[in-house]
Amino acid sequence: MATKANAMKNFPFLVLFFFISIFVHAINGDYGGWQIAHATFYGASDASGTMGGACGYGNLYSQGYGINTAALSTALFNNGLSCGACYEIRCANDPQWCLPGTITVTATNFCPPNYALSNDNGGWCNPPLQHFDLAQPSFLHIAQYRAGIVPVLFRRVPCVKKGGIRFTINGHSYFNLVLITNVGGAGDVKAVFIKGSKTGWQAMSRNWGQNWQSNSYLDGQSLSFKVTSSDGRTITSYNVVPANWKFGQTFEGGQL
């Protein structure tokens, strides 16, 4: 990946835009005002190098996230709580490298810090920096390839997804590990409850990324899920999983 150390300078326009956006946000009440960050890219031109990742989504193509994805720095990743969140991003204040327009990406990975490098020369994802390491195709929609790193403005936006929330059941008896994907609205997941046809509602715990864990024996039971996102909205999918389910299968419920 190319680097461009002087991308960290000349921020007066960004600062002005930031304060204007706070005022606009107060009027509109949307998901949040524009904030200042930087963006780089990783992976190949087909985004194949972005598969997997710290959110646990696996194959981003088959999960519906495609090439419009990003790895977040520590300041944005929030220990995995931001997995699934959507961000609108535009390149700003670098006319040599910026392209017009915006992109909307989903958080699917973590950009780890590199403390061997300074924050303004390679350690782009070091705390407390807000940084997006974009899939290469997404980056090329807002900046030229040779830029390497560009200053950007970003804001949280609602996630628009096709179909319902998907529940992939992994693990084994007494260790149900459920991957939750394709979440609309806020996109992230704050809390999950599971209910077997022979049990009451039970809270699940976040294992890692968007993999949620239950240690109850639920084999042979139809399953229901309650999913709550960070904006407080909750969707309940009753009996979305039939009693004859098998580990490794995916089922689709309602949508936020």
Could you tell me whether a side-chain N or O of [X] sits under 3.5 Å from a main-chain N or O of [Y], the two making a donor and an acceptor?
X	Y	value
N59	S62	yes
S229	V189	no
W245	Q221	yes
Q130	A75	no
T106	G84	no
Y57	M51	no
T74	P127	no
Q63	G58	no

Do [X] and [Y] have side chains that approach each other closer than 4.5 Å (heavy atoms only, starting at C-beta)?
X	Y	result
V152	C98	no
I67	Y61	yes
L177	N207	yes
R206	L81	yes
S222	Y238	no
I194	V192	no
V227	F167	yes
H38	W124	no

Summary of disulfide bond (SG atoms under 2.5 Å apart) pairs that have at least one residue in residues 118-188, sequence neighbours excluded |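 Pairs touching residues 118-188 that pass the test: C86-C159, C111-C125.
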Inter- and intrachain pairs under disulfide bond (SG atoms under 2.5 Å apart), touching residues 35-72, at least two apart |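 For residues 35-72: C55-C83.
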Considering non-hydrogen atoms only, spot the tightest contact between [X] and [Y] and give its length.
X	Y	result
T69	G66	CG2-O, 3.7 Å
L153	I36	CD2-CG1, 4.1 Å
F139	A147	CZ-CB, 4.4 Å
P137	D46	CG-C, 4.4 Å
I180	W212	CD1-CD1, 3.8 Å
K246	Q249	N-OE1, 2.6 Å

Verdict with supporting geometry, T50 and N109, side-chain contact (heavy atoms from CB on, under 4.5 Å) = CA-CA 8 Å; T50 64; N109 204 354; 6.0 Å; no
How far does [atom1] of [X] sit from [atom2] of [Y], to the nearest 0.5 angstrom?
X	Y	atom1	atom2	answer
L256	T228	CG	OG1	8.0 Å
F225	F193	CZ	CZ	13.0 Å
H131	L76	NE2	CG	10.0 Å
L72	S82	CG	OG	6.0 Å
Y42	L134	OH	CG	9.0 Å
D133	T40	CG	OG1	3.5 Å

Please tell me whether [X] and [Y] are part of a single hydrophobic cluster in this structure, the criterion being side-chain heavy atoms less than 4.5 Å apart.
X	Y	result
F247	L223	yes
I165	W201	no
L60	L140	no
I142	W97	yes
V157	V183	no

Can you list the steps and then say if N182 with Q255 is a side-chain contact (heavy atoms from CB on, under 4.5 Å)?
-> CA-CA 9 Å; N182 202 53; Q255 185 58 272; 4.0 Å; yes
Return the orientation label for the [X] and [Y] ring planes: parallel under 30°, perpendicular over 60°, tilted otherwise.
X	Y	value
H172	F175	tilted
Y87	F132	perpendicular
F110	F77	tilted

Applied to residues 176-195, the salt bridge (Lys or Arg N to Asp or Glu O under 4.0 Å) test, sequence neighbours excluded, yields R156-D188
Please check if any side-chain donor atom of Q202 sits under 3.5 Å from a side-chain acceptor atom of S216, or the reverse.
-> yes
Residue pair N215 / Q213, side-chain donor-acceptor N/O under 3.5 Å |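 Present: a donor and an acceptor within the cut-off.
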Show your reasoning for whether side-chain contact (heavy atoms from CB on, under 4.5 Å) applies to I103 and N68.
-> CA-CA 8 Å; I103 56 172; N68 297 315; 5.7 Å; no
Only one of R90, H141, E88 forms a side-chain hydrogen bond (donor to acceptor under 3.5 Å, both in side chains) with T102, so which one is it?
-> E88
